There are 2 protein chains.
Amino acid sequence: MTKKYRTPDGYTADIAVFTIVTEESKPFTPPDMSLNLLLIERAKWNTEGELNTEGGKWALPGGFVGVHENALQAAVRELKEETGIDCVHMKHFGIYDEPGRDNRGWIISNAHYAIISEEDLREMNANDDASAVKLVNIHDVLQLELAFDHRQIICDALSVIKRELLQTTAAKNLLQDEFTYSELQAVLSTVTKDPAILNEQAFARKIKSLPFIEKVEGKTTQRTSKKATQLYRFNEVEVVKPIYTGRYQER
Amino acid sequence: MTKKYRTPDGYTADIAVFTIVTEESKPFTPPDMSLNLLLIERAKWNTEGELNTEGGKWALPGGFVGVHENALQAAVRELKEETGIDCVHMKHFGIYDEPGRDNRGWIISNAHYAIISEEDLREMNANDDASAVKLVNIHDVLQLELAFDHRQIICDALSVIKRELLQTTAAKNLLQDEFTYSELQAVLSTVTKDPAILNEQAFARKIKSLPFIEKVEGKTTQRTSKKATQLYRFNEVEVVKPIYTGRYQER
DNA sequence: ACAATAGTGTCTATAAGACAATATCAT
DNA sequence: ATGATATTGTCTTATAGACACTATTGT
C-alpha cells in the first residue's frame, strides 16, 4: 500500500432536481411548459469573509454524505432539508470521481436526479429563503457559469432525464393524476421536437391507443379549453419498446 | 443524535455479470444463445470450520468497498480480481439497504451490472479456480436458492438488462465488432419473444434500415451459413425511441 | 441433389402523417 | 358570432407481418 492508494477527501451527493414550470396559464388554454433544473448560487465569500471556492458560480444542490447513510439517502435528506420536499422519484445516475474535479481535494460525487411536480415545488418556494436558488430552463442551463465539473454532470443528467421522460412513464411525476392530452403533450414537448408528439391531432389520437394510459371514463375538465376535455391517467402497465422494432412489448 | 442514527456495519458492491453463452455452434449454423448470469456458491463452512452465513446458497459476486474507493471502483476491482476481466460496461443500478437484508448486521449494497462478451469470458475460465463459480441461464436463475436479498437484486438486474439490451445499443458488448443479422437476432432473442425480432426475414430486412447499424460494405462471413452472409457493425448513432410514437428520434 | 441459411418479391392490414371539417362553449 | 381548443373524417404514404420464392454452397 504505497501512494498507489489515496484517501478521498470527501464523499458527496449531488442532485439534479427537475421540475416543470408552466410559463403562461390563461384560462381555457393549454399550458406552455418548460423543464427546469434547480440550481443554487455558491456564496462569493464564506462566513469568515474569505473568498469561497468556485464562489459566485451556479451549482447543483447537494452536500456531504453523512456517516450514517448512503449517497441516495443523503440525496433524499439534503433535498428535504433544502426544499422541504419528500421526493418520490430520486434516482442515482452516475459517479464523478476524477481526481482534479474539485481543487479542494479528491471529492467523489454521487449524482442523482429527482423529478418533482410543479405542485410540490410550490411548497418549496414557501420553505426556502429564495436567496440563491433558481430554476433554469434546461435549454439555458449550459450557458451559465457552472462550478466544478457540474457542466458535465448536468449534461449527463439532461441526457438521462430526456430518455427517462420519453422511454418510460416518468412523465406521470410531472402531471396531476388526471390530465388532458395537451398537458401530457406540453410536458413531452419540453424534451423533444418529434413532430409526432408536437402535432395536436396526431397526439390526441395516439393517446387513446397507448397501453399505459387509460381514459378516465366520463370525466372531463375545462382547464385547457372552453370545450370539455377528456381526462386520462397512467395505469400500471410498464412498457419496453425495443429500438429494433415498431411494436410494443409489455414486460 | 440518539438511536435514530445507526452506523452501517458494511458497505459492499455487488455485481450482476451478464454474458452470452453460445449453446451449440455447428459450422455454417446460426448460433443458439442464452443470456447467463455469473453466480458464486457461498462456502458452507468458513476457514475455522464454522457454519457460514447463508452458506451453500448462490450469490452475486462482490465484496466490501475499500476505504480508498467508491462502490463502482470496488465493483470493477472485484470483478478484475475474481475473473481477470477489465470490464468495459459496468453500471450502477441500485442500492439495497434494508436493515434486515443481511443478518450479520446493516450491510448496504451498491448493485451494478456488467456486460461481458463470450470472448472475454473465456479468459476468465482460464483465471479462476472454477470451483464455486457458475453461469446460470437467466430463465433458470430464480429457481436457485439465493443468499440474502439477492433474489430481489437479481430481479431488478434482469429488468434493467432487458431494457438496456432492447432500448439501447448495449447488445454491441455481447457481439464481435462485425456480426451478421442472425447473430444479433440470437442475442436479442435471449431477452424477448417479440415476433418482429424472432422472425428471420423481417429482422433481416429491418437491420438494413436501423440508423445505428451499418453495413460493412463488401464484407461477408460464412460462419453462420454456407452462403456468404453480410456483416454489419454498430455505428455511433445514439437513438431514443419514445414510447409515445412510432418513429425514431436521434439525440 | 440435398439441406440449411441468406435474402427478395409481393400482398395485406395497420399505422403514421397531413389536411380538413366539425363540435363545443365562455366571451 | 367569434375565437380558441378538442375531436373526428378521410386520404395518402410508409411500415409491419406473412408467405412464397430464389440464391448460394458444403456435404
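Heavy-atom basis, side chains included; hydrogens, waters and symmetry copies ignored. Chain naming here is simple, since letters A, B, ... match the order of the sequence lines and numbering starts at 1 in each. Just so you know, these numbers come straight off a predicted model, no measurement behind them.
When each of D:dA6, C:dA18, C:dA6 is scored by its nearest atom to the side-chain atoms of A:Tyr181, the top-ranked nucleotide is D:dA6. When each of D:dA6, C:dT8, C:dA6 is scored by its nearest atom to the side-chain atoms of B:Gln201, the top-ranked nucleotide is C:dT8. Out of D:dT5, D:dG26, C:dG17, the shortest distance to the side chain of A:Thr224 is found at D:dT5. The side chain of B:Lys206 sits closest to D:dT15 out of D:dA6, D:dT15, D:dT7.
For the pair B:Leu198 CG and D:dA18 C1', the interatomic distance rounds to 15 Å; values are reported in whole Å. Taking atom CG of residue B:Asp32 and atom P of nucleotide C:dA4, one finds them 15 Å apart after rounding to whole Å. One can place NZ of A:Lys227 at 6 Å from P of C:dT24, the figure rounded to the nearest angstrom. Remark: P of D:dT5 and CZ of A:Phe203 are 17 Å apart, rounded to the nearest angstrom. What separates NZ of A:Lys26 from P of C:dC25 is a distance of 22 Å, to the nearest Å. One atom, CZ of B:Arg223, and another, P of D:dT25, lie 17 Å apart when rounded to the nearest Å.
B:Thr180 comes within 4.0 angstrom of no nucleic acid atom, judged by non-hydrogen atoms across all strands. In this structure, B:Pro30 reaches the sugar-phosphate backbone alone: every heavy-atom distance under 4.0 Å involves primed, P, OP1 or OP2 atoms, never a base. Across all strands shown, B:Lys208 has heavy atoms under 4.0 Å from sugar-phosphate atoms exclusively, and none from any base. Residue B:Gln222 is classed as a sugar-phosphate contact, given heavy-atom separations below 4.0 Å to backbone atoms only. Residue contacts for B:Thr29: at a heavy-atom cut-off of 4.0 Å it reaches the sugar-phosphate backbone alone, with no base atom in range.
In terms of modelled atom types and a separation under 3.5 Å, the side chain of B:Gln230 and the main chain of B:Val216 share a donor-acceptor contact. Proximity of a side-chain donor or acceptor of A:Ser209 to a complementary backbone N or O of A:Lys206 within less than 3.5 Å is detected.
Counted by atom type alone, A:Glu23 and A:Ser34 present one or more donor-acceptor pairs between their side chains at under 3.5 Å. Residues B:Asp156 and B:Tyr96 have side chains that bring a donor and an acceptor to within less than 3.5 angstrom of each other.
When the nearest nucleotides of DNA chain D are assigned to B:Phe28 and A:Gln230 by heavy-atom distance, the more 5′-ward of the two goes with A:Gln230. Comparing A:Glu200 and B:Lys226 by the nucleotide of DNA chain D whose heavy atom lies nearest to each, the residue mapping closer to the 5' end is A:Glu200. In terms of position along DNA chain C, the nucleotide closest to B:Tyr232 lies nearer the 5' end than the nucleotide closest to the other residue of the pair A:Asn199 and B:Tyr232.
Between A:Glu214 and the options A:Lys219, A:Lys208, A:Arg233, a salt bridge (charged side-chain N to carboxylate O under 4.0 Å, His left out) holds for only A:Arg233.
A donor and an acceptor atom sit less than 3.5 Å apart, one in the side chain of B:Arg205 and one in the base of C:dG9.
OP1 or OP2 of D:dA6 lies within a sub-4.0 Å distance of a side-chain N or O belonging to A:Ser182.
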